[in-house]
Amino acid sequence: MFNFEALPQWVGYSLIIYLSLPLLVYYLIPNLFYGNRSTKKRVIIYVLGDISHSPRICNHAKSFSSKNFQVELCGYVDSTLPKVISEDINITVHPIPRINEFGIIRKVSFQFICIAAKLWELRGSNYVLIQNPPSIPIMPMVAIYRVLTGTKLIIDWHNLAYSILALKYNGNFWHPLVLISYLIEFCFSRFADYHLTVTKAMEDYLVAKFRLNSKRISVLYDRANNQFQPFEVTKNFSRKDALATEPCVKNYIPSDFDIEKGDRIIVTSTSFTPDEDIGVLIGALKIYENSYEKFDKALPRITCFITGKGPQKEEYIKKVEEYEWNRVSIVFLWLSAEEYPKLLRLCDYGISLHTSSSGLDLPMKILDMFGSGLPVIAMNYPVLDELVKQDVNGLKFSDRRELHESLLFAMKDKKTYESLKEGAYKESEKRWYTNWDKSFSEFKIIY
Ligand SMILES: *[C@@H]1O[C@H](CO)[C@@H](O)[C@H](O)[C@H]1NC(C)=O
Ligand SMILES: *[C@@H]1O[C@H](CO)[C@@H](O)[C@H](O)[C@H]1NC(C)=O
(Lines give C-alpha, C1' and ligand atoms only; values in the text may rest on other atoms or scores of the structure.)
(Ligands and ions follow the chains in the order given, each with its own letter.)
Protein backbone atom coordinates (compact mmCIF):
# COMPACT_ATOMS: atom_id res chain seq x y z
CA MET A 1 0.00 0.00 0.00
CA PHE A 2 1.13 3.53 -0.86
CA ASN A 3 2.48 5.38 2.14
CA PHE A 4 1.26 9.01 2.13
CA GLU A 5 3.18 9.81 5.24
CA ALA A 6 6.44 9.05 3.49
CA LEU A 7 5.93 11.97 1.04
CA PRO A 8 7.41 15.34 1.90
CA GLN A 9 4.85 17.76 3.31
CA TRP A 10 5.09 20.24 0.42
CA VAL A 11 3.76 17.68 -2.02
CA GLY A 12 0.60 17.42 0.00
CA TYR A 13 0.11 21.19 0.05
CA SER A 14 0.80 21.44 -3.66
CA LEU A 15 -1.77 18.77 -4.29
CA ILE A 16 -4.37 20.66 -2.28
CA ILE A 17 -3.64 23.91 -4.11
CA TYR A 18 -3.71 22.10 -7.45
CA LEU A 19 -7.03 20.48 -6.74
CA SER A 20 -8.59 23.72 -5.58
CA LEU A 21 -7.48 25.70 -8.65
CA PRO A 22 -10.69 25.10 -10.63
CA LEU A 23 -12.68 26.29 -7.64
CA LEU A 24 -10.57 29.42 -7.47
CA VAL A 25 -10.61 30.22 -11.18
CA TYR A 26 -14.15 29.24 -11.97
CA TYR A 27 -15.90 30.25 -8.81
CA LEU A 28 -14.13 32.42 -6.26
CA ILE A 29 -12.42 34.92 -8.54
CA PRO A 30 -15.41 35.52 -10.82
CA ASN A 31 -17.60 35.80 -7.77
CA LEU A 32 -15.23 38.31 -6.26
CA PHE A 33 -15.14 40.49 -9.34
CA TYR A 34 -18.39 39.86 -11.15
CA GLY A 35 -20.86 38.63 -8.57
CA ASN A 36 -23.51 36.38 -10.06
CA ARG A 37 -24.03 38.38 -13.23
CA SER A 38 -23.96 37.55 -16.89
CA THR A 39 -21.16 38.74 -19.12
CA LYS A 40 -23.36 41.25 -20.97
CA LYS A 41 -22.24 44.89 -20.70
CA ARG A 42 -23.65 46.29 -17.53
CA VAL A 43 -24.40 49.68 -16.10
CA ILE A 44 -25.43 50.55 -12.56
CA ILE A 45 -27.70 53.56 -12.37
CA TYR A 46 -28.08 54.74 -8.80
CA VAL A 47 -30.54 57.46 -7.85
CA LEU A 48 -31.23 58.60 -4.29
CA GLY A 49 -34.78 59.48 -5.25
CA ASP A 50 -38.10 58.00 -6.33
CA ILE A 51 -37.54 56.23 -9.64
CA SER A 52 -40.92 57.06 -11.16
CA HIS A 53 -40.38 60.73 -10.36
CA SER A 54 -36.96 60.74 -12.01
CA PRO A 55 -37.81 60.92 -15.71
CA ARG A 56 -34.25 61.63 -16.73
CA ILE A 57 -32.93 58.60 -14.88
CA CYS A 58 -35.63 56.43 -16.48
CA ASN A 59 -34.59 57.79 -19.87
CA HIS A 60 -30.98 56.84 -19.19
CA ALA A 61 -32.09 53.34 -18.22
CA LYS A 62 -34.14 52.90 -21.39
CA SER A 63 -31.37 54.29 -23.57
CA PHE A 64 -28.77 51.90 -22.15
CA SER A 65 -31.23 49.02 -22.46
CA SER A 66 -31.83 49.79 -26.12
CA LYS A 67 -28.06 49.54 -26.62
CA ASN A 68 -28.10 45.99 -25.22
CA PHE A 69 -26.80 46.85 -21.78
CA GLN A 70 -27.95 45.00 -18.70
CA VAL A 71 -29.22 47.90 -16.59
CA GLU A 72 -29.16 47.72 -12.79
CA LEU A 73 -31.48 50.53 -11.73
CA CYS A 74 -31.24 51.33 -8.03
CA GLY A 75 -33.57 53.81 -6.38
CA TYR A 76 -36.60 54.30 -4.16
CA VAL A 77 -39.82 52.71 -5.35
CA ASP A 78 -42.41 54.96 -3.70
CA SER A 79 -44.98 54.75 -6.45
CA THR A 80 -45.81 52.35 -9.26
CA LEU A 81 -42.99 52.08 -11.73
CA PRO A 82 -43.61 53.26 -15.28
CA LYS A 83 -44.41 50.27 -17.55
CA VAL A 84 -41.53 51.08 -19.88
CA ILE A 85 -39.21 50.38 -16.96
CA SER A 86 -40.90 47.44 -15.23
CA GLU A 87 -41.57 45.61 -18.49
CA ASP A 88 -38.12 46.06 -20.00
CA ILE A 89 -36.30 42.72 -19.78
CA ASN A 90 -32.91 44.41 -19.78
CA ILE A 91 -33.66 46.55 -16.74
CA THR A 92 -33.52 45.11 -13.23
CA VAL A 93 -34.92 47.41 -10.59
CA HIS A 94 -33.26 47.25 -7.17
CA PRO A 95 -35.51 49.01 -4.67
CA ILE A 96 -33.52 50.67 -1.92
CA PRO A 97 -35.11 50.86 1.51
CA ARG A 98 -36.14 54.23 2.82
CA ILE A 99 -35.41 55.35 6.32
CA ASN A 100 -37.95 57.63 7.94
CA GLU A 101 -35.62 58.32 10.78
CA PHE A 102 -35.17 61.97 11.57
CA GLY A 103 -31.61 63.16 11.94
CA ILE A 104 -29.14 63.61 9.13
CA ILE A 105 -26.32 61.48 10.59
CA ARG A 106 -28.48 58.37 10.97
CA LYS A 107 -30.00 58.86 7.56
CA VAL A 108 -26.65 59.28 5.83
CA SER A 109 -25.11 56.29 7.65
CA PHE A 110 -28.06 54.14 6.66
CA GLN A 111 -27.74 55.25 3.03
CA PHE A 112 -24.01 54.58 3.22
CA ILE A 113 -24.58 50.96 4.21
CA CYS A 114 -27.29 50.42 1.57
CA ILE A 115 -25.16 51.88 -1.20
CA ALA A 116 -22.05 49.94 -0.18
CA ALA A 117 -23.97 46.66 -0.06
CA LYS A 118 -25.57 47.27 -3.45
CA LEU A 119 -22.33 48.30 -5.13
CA TRP A 120 -20.68 45.17 -3.81
CA GLU A 121 -23.53 42.99 -5.03
CA LEU A 122 -23.34 44.57 -8.50
CA ARG A 123 -19.56 44.57 -8.81
CA GLY A 124 -18.06 43.90 -12.19
CA SER A 125 -20.24 46.41 -14.06
CA ASN A 126 -18.76 48.47 -16.86
CA TYR A 127 -20.25 51.79 -15.83
CA VAL A 128 -21.87 53.39 -12.86
CA LEU A 129 -24.05 56.43 -13.44
CA ILE A 130 -25.26 58.70 -10.66
CA GLN A 131 -27.22 61.89 -10.67
CA ASN A 132 -26.08 64.91 -8.76
CA PRO A 133 -27.56 66.25 -6.48
CA PRO A 134 -27.70 64.66 -3.97
CA SER A 135 -23.96 64.20 -3.67
CA ILE A 136 -23.83 63.01 -0.05
CA PRO A 137 -22.96 60.26 0.55
CA ILE A 138 -23.06 58.78 -2.92
CA MET A 139 -20.47 60.81 -4.82
CA PRO A 140 -17.47 60.00 -2.58
CA MET A 141 -18.56 56.36 -2.46
CA VAL A 142 -18.72 55.85 -6.21
CA ALA A 143 -15.48 57.78 -6.61
CA ILE A 144 -13.73 55.30 -4.31
CA TYR A 145 -15.53 52.43 -6.03
CA ARG A 146 -14.19 53.71 -9.32
CA VAL A 147 -10.62 53.66 -7.98
CA LEU A 148 -10.95 50.21 -6.43
CA THR A 149 -12.83 48.39 -9.18
CA GLY A 150 -12.15 50.34 -12.34
CA THR A 151 -15.87 50.66 -13.06
CA LYS A 152 -16.13 53.82 -15.16
CA LEU A 153 -18.02 56.62 -13.46
CA ILE A 154 -20.50 58.92 -15.18
CA ILE A 155 -21.98 61.85 -13.26
CA ASP A 156 -25.15 63.40 -14.55
CA TRP A 157 -25.28 66.98 -13.27
CA HIS A 158 -28.84 68.18 -12.78
CA ASN A 159 -27.75 70.93 -10.50
CA LEU A 160 -25.20 71.76 -7.81
CA ALA A 161 -25.93 70.29 -4.41
CA TYR A 162 -24.14 73.02 -2.51
CA SER A 163 -26.08 75.84 -4.15
CA ILE A 164 -29.39 74.19 -3.25
CA LEU A 165 -28.17 73.74 0.31
CA ALA A 166 -26.97 77.36 0.41
CA LEU A 167 -30.54 78.48 -0.32
CA LYS A 168 -31.62 76.91 2.97
CA TYR A 169 -29.04 79.01 4.79
CA ASN A 170 -29.94 82.31 3.11
CA GLY A 171 -27.27 81.97 0.46
CA ASN A 172 -24.48 81.74 3.04
CA PHE A 173 -21.62 79.96 1.29
CA TRP A 174 -19.54 79.85 4.48
CA HIS A 175 -22.02 77.81 6.48
CA PRO A 176 -20.12 74.61 7.42
CA LEU A 177 -22.64 72.26 5.75
CA VAL A 178 -22.60 74.28 2.54
CA LEU A 179 -18.83 74.35 2.57
CA ILE A 180 -18.56 70.59 3.11
CA SER A 181 -21.04 69.99 0.34
CA TYR A 182 -19.03 72.25 -1.97
CA LEU A 183 -15.76 70.50 -1.16
CA ILE A 184 -17.28 67.07 -1.75
CA GLU A 185 -18.58 68.09 -5.15
CA PHE A 186 -15.33 69.83 -6.01
CA CYS A 187 -13.00 67.01 -4.93
CA PHE A 188 -14.87 63.86 -5.88
CA SER A 189 -16.27 65.01 -9.21
CA ARG A 190 -12.78 64.76 -10.67
CA PHE A 191 -12.80 60.98 -10.22
CA ALA A 192 -15.50 60.67 -12.83
CA ASP A 193 -14.64 59.55 -16.33
CA TYR A 194 -17.51 61.41 -17.96
CA HIS A 195 -19.90 64.18 -17.04
CA LEU A 196 -23.29 65.02 -18.47
CA THR A 197 -24.91 68.37 -17.84
CA VAL A 198 -28.42 69.68 -18.36
CA THR A 199 -27.27 73.00 -19.80
CA LYS A 200 -24.33 74.61 -21.54
CA ALA A 201 -24.13 77.03 -18.61
CA MET A 202 -23.60 74.08 -16.26
CA GLU A 203 -20.80 72.74 -18.46
CA ASP A 204 -19.12 76.15 -18.51
CA TYR A 205 -19.43 76.31 -14.75
CA LEU A 206 -17.79 72.89 -14.26
CA VAL A 207 -14.95 73.83 -16.55
CA ALA A 208 -14.38 77.28 -15.07
CA LYS A 209 -14.97 76.65 -11.37
CA PHE A 210 -14.33 72.94 -10.85
CA ARG A 211 -11.58 72.85 -13.47
CA LEU A 212 -12.95 69.71 -15.09
CA ASN A 213 -11.78 68.72 -18.55
CA SER A 214 -14.31 69.95 -21.12
CA LYS A 215 -13.56 66.96 -23.37
CA ARG A 216 -15.14 64.74 -20.74
CA ILE A 217 -18.27 66.83 -20.43
CA SER A 218 -21.24 66.75 -22.73
CA VAL A 219 -24.46 68.74 -22.60
CA LEU A 220 -27.43 66.41 -22.68
CA TYR A 221 -30.59 68.46 -22.87
CA ASP A 222 -33.67 67.03 -21.25
CA ARG A 223 -36.68 66.36 -23.38
CA ALA A 224 -40.24 65.45 -22.58
CA ASN A 225 -40.94 61.74 -22.75
CA ASN A 226 -43.21 60.31 -25.41
CA GLN A 227 -46.35 60.60 -23.32
CA PHE A 228 -46.20 64.30 -24.06
CA GLN A 229 -47.39 64.83 -27.61
CA PRO A 230 -49.16 67.70 -29.33
CA PHE A 231 -52.90 67.37 -29.81
CA GLU A 232 -53.70 65.93 -33.19
CA VAL A 233 -56.73 67.38 -34.87
CA THR A 234 -58.65 64.91 -37.00
CA LYS A 235 -61.61 65.53 -39.28
CA ASN A 236 -64.23 64.29 -36.87
CA PHE A 237 -62.55 65.20 -33.58
CA SER A 238 -61.50 68.78 -32.93
CA ARG A 239 -59.87 70.26 -29.86
CA LYS A 240 -63.27 71.59 -28.91
CA ASP A 241 -64.69 68.06 -28.98
CA ALA A 242 -61.80 66.90 -26.83
CA LEU A 243 -62.41 69.65 -24.29
CA ALA A 244 -66.05 68.58 -24.05
CA THR A 245 -65.28 64.90 -23.52
CA GLU A 246 -61.87 64.54 -21.85
CA PRO A 247 -62.60 63.60 -18.20
CA CYS A 248 -59.75 65.63 -16.72
CA VAL A 249 -61.02 68.93 -18.19
CA LYS A 250 -64.65 68.73 -19.28
CA ASN A 251 -66.16 69.79 -15.95
CA TYR A 252 -63.90 72.78 -15.52
CA ILE A 253 -64.49 74.68 -18.76
CA PRO A 254 -67.12 77.42 -18.22
CA SER A 255 -70.21 77.03 -20.43
CA ASP A 256 -69.77 80.37 -22.22
CA PHE A 257 -66.12 79.63 -23.00
CA ASP A 258 -65.37 79.24 -26.71
CA ILE A 259 -61.92 78.52 -28.08
CA GLU A 260 -63.19 79.16 -31.58
CA LYS A 261 -63.87 82.77 -30.62
CA GLY A 262 -60.30 83.11 -29.34
CA ASP A 263 -60.77 82.22 -25.68
CA ARG A 264 -57.59 80.69 -24.35
CA ILE A 265 -56.57 78.04 -21.87
CA ILE A 266 -53.36 78.41 -19.92
CA VAL A 267 -51.75 75.90 -17.61
CA THR A 268 -49.03 75.75 -15.02
CA SER A 269 -47.84 73.05 -12.68
CA THR A 270 -46.30 73.78 -9.33
CA SER A 271 -45.40 72.27 -5.99
CA PHE A 272 -46.51 75.45 -4.17
CA THR A 273 -43.16 76.10 -2.54
CA PRO A 274 -41.82 79.57 -1.71
CA ASP A 275 -39.26 79.52 -4.55
CA GLU A 276 -42.02 79.39 -7.14
CA ASP A 277 -44.36 82.28 -6.62
CA ILE A 278 -47.83 81.42 -7.93
CA GLY A 279 -48.87 84.81 -6.51
CA VAL A 280 -47.21 86.42 -9.56
CA LEU A 281 -49.57 84.57 -11.89
CA ILE A 282 -52.66 85.26 -9.81
CA GLY A 283 -51.63 88.90 -9.53
CA ALA A 284 -51.18 89.21 -13.30
CA LEU A 285 -54.59 87.63 -13.89
CA LYS A 286 -56.12 90.17 -11.51
CA ILE A 287 -54.61 92.98 -13.59
CA TYR A 288 -56.01 91.24 -16.66
CA GLU A 289 -59.47 91.34 -15.06
CA ASN A 290 -58.93 94.99 -14.38
CA SER A 291 -57.89 95.69 -17.97
CA TYR A 292 -61.06 93.97 -19.11
CA GLU A 293 -63.29 95.99 -16.78
CA LYS A 294 -61.71 99.34 -17.47
CA PHE A 295 -60.23 99.35 -20.96
CA ASP A 296 -61.00 96.51 -23.27
CA LYS A 297 -64.22 94.55 -23.27
CA ALA A 298 -62.94 92.52 -26.22
CA LEU A 299 -60.30 90.68 -24.22
CA PRO A 300 -60.65 86.91 -24.59
CA ARG A 301 -61.66 84.76 -21.68
CA ILE A 302 -58.96 82.79 -19.91
CA THR A 303 -59.25 79.47 -18.16
CA CYS A 304 -56.17 78.88 -16.06
CA PHE A 305 -55.32 75.43 -14.73
CA ILE A 306 -52.94 75.23 -11.80
CA THR A 307 -51.95 71.62 -11.19
CA GLY A 308 -49.99 70.15 -8.34
CA LYS A 309 -50.04 70.16 -4.59
CA GLY A 310 -47.83 71.55 -1.89
CA PRO A 311 -47.55 73.47 1.36
CA GLN A 312 -49.03 76.81 0.26
CA LYS A 313 -51.87 75.48 -1.87
CA GLU A 314 -54.72 76.23 0.57
CA GLU A 315 -53.51 79.77 0.99
CA TYR A 316 -53.67 80.41 -2.77
CA ILE A 317 -57.05 78.74 -3.15
CA LYS A 318 -58.38 81.11 -0.52
CA LYS A 319 -56.84 84.12 -2.26
CA VAL A 320 -58.49 83.13 -5.52
CA GLU A 321 -61.87 82.53 -3.91
CA GLU A 322 -61.85 85.94 -2.23
CA TYR A 323 -61.64 87.76 -5.54
CA GLU A 324 -64.48 88.25 -8.00
CA TRP A 325 -63.54 86.89 -11.40
CA ASN A 326 -65.45 87.74 -14.58
CA ARG A 327 -63.10 87.12 -17.44
CA VAL A 328 -60.78 84.59 -15.92
CA SER A 329 -61.48 81.31 -14.22
CA ILE A 330 -58.79 79.65 -12.17
CA VAL A 331 -59.00 75.92 -11.54
CA PHE A 332 -56.80 74.03 -9.08
CA LEU A 333 -56.22 70.40 -10.02
CA TRP A 334 -54.20 67.43 -8.89
CA LEU A 335 -53.66 65.04 -11.78
CA SER A 336 -52.08 61.63 -12.12
CA ALA A 337 -49.02 61.14 -14.29
CA GLU A 338 -51.27 59.73 -17.05
CA GLU A 339 -53.77 62.58 -16.99
CA TYR A 340 -51.34 65.47 -16.92
CA PRO A 341 -50.13 65.04 -20.55
CA LYS A 342 -53.78 64.82 -21.66
CA LEU A 343 -54.50 68.15 -20.04
CA LEU A 344 -51.38 69.82 -21.41
CA ARG A 345 -52.03 69.07 -25.02
CA LEU A 346 -55.48 70.65 -24.82
CA CYS A 347 -54.18 74.01 -23.58
CA ASP A 348 -52.93 77.03 -25.52
CA TYR A 349 -50.05 78.25 -23.41
CA GLY A 350 -47.94 76.93 -20.59
CA ILE A 351 -46.80 79.24 -17.82
CA SER A 352 -43.57 78.67 -15.90
CA LEU A 353 -42.74 80.49 -12.69
CA HIS A 354 -39.70 78.36 -11.97
CA THR A 355 -36.40 80.02 -11.23
CA SER A 356 -33.24 78.10 -10.50
CA SER A 357 -31.14 78.13 -7.33
CA SER A 358 -27.88 77.77 -9.22
CA GLY A 359 -29.14 79.51 -12.35
CA LEU A 360 -27.74 76.52 -14.24
CA ASP A 361 -30.68 74.20 -14.81
CA LEU A 362 -33.84 74.29 -16.89
CA PRO A 363 -37.38 73.58 -15.70
CA MET A 364 -38.70 70.16 -16.71
CA LYS A 365 -42.22 71.53 -16.88
CA ILE A 366 -41.27 73.72 -19.84
CA LEU A 367 -39.95 70.65 -21.65
CA ASP A 368 -43.22 68.84 -21.02
CA MET A 369 -45.08 71.85 -22.37
CA PHE A 370 -42.89 71.98 -25.47
CA GLY A 371 -43.32 68.23 -25.89
CA SER A 372 -47.06 68.87 -25.96
CA GLY A 373 -46.64 71.64 -28.54
CA LEU A 374 -47.43 74.51 -26.16
CA PRO A 375 -45.58 77.81 -26.34
CA VAL A 376 -44.53 78.95 -22.88
CA ILE A 377 -44.69 82.22 -21.04
CA ALA A 378 -41.82 81.89 -18.60
CA MET A 379 -40.25 83.71 -15.69
CA ASN A 380 -36.86 84.71 -17.02
CA TYR A 381 -33.45 83.82 -15.60
CA PRO A 382 -30.09 83.73 -17.38
CA VAL A 383 -29.86 80.16 -18.72
CA LEU A 384 -33.46 80.10 -19.89
CA ASP A 385 -32.16 81.45 -23.21
CA GLU A 386 -30.86 77.96 -23.97
CA LEU A 387 -34.46 76.79 -24.19
CA VAL A 388 -36.99 79.58 -24.55
CA LYS A 389 -36.45 81.98 -27.43
CA GLN A 390 -38.41 85.21 -27.10
CA ASP A 391 -41.06 85.52 -29.84
CA VAL A 392 -40.03 82.18 -31.36
CA ASN A 393 -41.33 79.51 -28.99
CA GLY A 394 -42.38 81.62 -26.03
CA LEU A 395 -42.39 84.89 -24.14
CA LYS A 396 -40.42 85.87 -21.06
CA PHE A 397 -41.27 88.07 -18.12
CA SER A 398 -39.65 89.11 -14.89
CA ASP A 399 -42.57 90.30 -12.77
CA ARG A 400 -46.34 90.50 -12.46
CA ARG A 401 -46.71 93.52 -14.77
CA GLU A 402 -44.62 91.99 -17.51
CA LEU A 403 -46.53 88.73 -17.22
CA HIS A 404 -49.74 90.70 -17.64
CA GLU A 405 -48.34 92.42 -20.74
CA SER A 406 -47.24 89.07 -22.16
CA LEU A 407 -50.69 87.65 -21.49
CA LEU A 408 -52.37 90.57 -23.32
CA PHE A 409 -50.02 90.07 -26.22
CA ALA A 410 -50.49 86.30 -26.28
CA MET A 411 -54.28 86.46 -25.96
CA LYS A 412 -55.11 89.21 -28.39
CA ASP A 413 -52.65 88.87 -31.22
CA LYS A 414 -53.57 85.97 -33.50
CA LYS A 415 -50.34 86.22 -35.50
CA THR A 416 -48.26 85.91 -32.35
CA TYR A 417 -50.29 82.90 -31.31
CA GLU A 418 -49.78 81.18 -34.66
CA SER A 419 -46.06 81.83 -34.87
CA LEU A 420 -45.37 80.84 -31.24
CA LYS A 421 -47.41 77.69 -31.74
CA GLU A 422 -45.30 76.82 -34.75
CA GLY A 423 -42.12 77.36 -32.74
CA ALA A 424 -43.42 75.08 -30.00
CA TYR A 425 -44.34 72.38 -32.52
CA LYS A 426 -40.77 72.39 -33.74
CA GLU A 427 -39.63 71.88 -30.15
CA SER A 428 -42.03 68.98 -29.75
CA GLU A 429 -40.19 67.10 -32.47
CA LYS A 430 -36.91 67.11 -30.54
CA ARG A 431 -36.70 64.04 -28.36
CA TRP A 432 -34.34 62.53 -25.84
CA TYR A 433 -32.81 59.60 -27.77
CA THR A 434 -31.07 61.65 -30.46
CA ASN A 435 -29.52 63.85 -27.77
CA TRP A 436 -28.45 60.80 -25.76
CA ASP A 437 -26.81 59.11 -28.73
CA LYS A 438 -24.94 62.28 -29.55
CA SER A 439 -23.55 62.68 -26.02
CA PHE A 440 -22.47 59.06 -25.70
CA SER A 441 -20.82 59.03 -29.09
CA GLU A 442 -18.92 62.18 -28.07
CA PHE A 443 -17.57 60.14 -25.16
CA LYS A 444 -16.73 57.36 -27.61
CA ILE A 445 -18.57 54.90 -25.39
CA ILE A 446 -19.01 51.87 -27.56
CA TYR A 447 -22.21 50.13 -26.77
C1 LIG B 1 -32.57 44.14 -24.57
O2 LIG B 1 -31.34 43.64 -25.00
C3 LIG B 1 -31.41 42.87 -26.19
C4 LIG B 1 -30.06 42.29 -26.46
O5 LIG B 1 -29.53 41.71 -25.33
C6 LIG B 1 -31.87 43.76 -27.33
O7 LIG B 1 -31.97 43.01 -28.52
C8 LIG B 1 -33.21 44.37 -26.98
O9 LIG B 1 -33.58 45.30 -27.96
C10 LIG B 1 -33.17 45.06 -25.63
N11 LIG B 1 -34.51 45.42 -25.23
C12 LIG B 1 -34.97 46.69 -25.24
C13 LIG B 1 -36.36 46.87 -24.76
O14 LIG B 1 -34.33 47.62 -25.63
C1 LIG C 1 -63.40 59.38 -36.46
O2 LIG C 1 -63.34 58.66 -37.69
C3 LIG C 1 -62.56 57.48 -37.64
C4 LIG C 1 -62.58 56.86 -39.04
O5 LIG C 1 -62.48 57.81 -40.01
C6 LIG C 1 -63.15 56.52 -36.61
O7 LIG C 1 -62.34 55.34 -36.52
C8 LIG C 1 -63.20 57.19 -35.24
O9 LIG C 1 -63.84 56.34 -34.31
C10 LIG C 1 -63.98 58.49 -35.35
N11 LIG C 1 -63.91 59.16 -34.07
C12 LIG C 1 -64.97 59.71 -33.46
C13 LIG C 1 -64.71 60.33 -32.13
O14 LIG C 1 -66.08 59.71 -33.94
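Read the numbers this way: they start at 1 and go in the same order the structure lists the ligands and their atoms.
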TODO: Could you see which bit of Lys40 sits under 4.0 Å from ligand 1, with heavy atoms only: side chain, backbone, both or neither?
DONE: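 Within the 4.0 Å criterion, Lys40 contacts ligand 1 through side-chain atoms alone.
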TODO: Apply ring pair (Phe, Tyr, Trp, His ring centres under 6.0 Å) to Phe257 and Tyr252, showing your working.
DONE: CA-CA 10 Å; Phe257 190 90; Tyr252 303 111; over 10 Å; no
Task: Close aromatic pair by centroid cut-off 6.0 Å: Phe191 and Tyr145 - done: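 Between Phe191 and Tyr145, the centre distance exceeds or equals 6.0 Å.
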Task: Closest approach of any protein heavy atom to atom 2 (O) of ligand 1, naming residue and atom - done: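 Looking at atom 2 (O) of ligand 1, the protein heavy atom closest to it is Asn90 ND2, 2.4 Å.
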Open item on the list: Suppose we measure from atom 7 (O) of ligand 1 to each protein heavy atom; which comes out shortest, and what is that distance?
Closed with: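 Ranking protein heavy atoms by distance from atom 7 (O) of ligand 1, first comes Asn68 OD1, 3.7 Å.
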- [ ] Taking only Lys NZ, Arg NE, NH1 and NH2, and the carboxylate oxygens of Asp or Glu, determine whether Arg223 and Glu427 approach each other closer than 4.0 Å.
- [x]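 Looking at Glu427 together with Arg223, the answer is yes, because their closest N to O distance falls below 4.0 Å.
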Open item on the list: Need the ligand 1 atom indices (1-based, order shown) with element for anything under 4.0 Å from a heavy-atom of Ser65.
Closed with: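 Near Ser65, meaning under 4.0 Å from one of its heavy atoms, ligand 1 has 1 (C), 10 (C), 11 (N), 12 (C), 13 (C), 14 (O).
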- [ ] Show which atoms of ligand 1 fall inside a sub-4.0 Å distance from at least one heavy-atom site of Asp88.
- [x]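 Checking each atom against Asp88, I get 13 (C).
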- [ ] Please determine if Arg239 forms a cation-pi arrangement with Phe237, meaning its NZ or CZ atom is less than 6.0 Å from the six-membered ring centre and no more than 45° off the ring axis.
- [x]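 Relative to the ring axis of Phe237, which defines the angle, Arg239 lies outside at least one limit.
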Open item on the list: Once you measure the plane-to-plane angle for His354 and Tyr381, does it fall in the parallel (<30°), tilted (30-60°) or perpendicular (>60°) bin?
Closed with: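 It falls in the tilted class, 30° to 60°.
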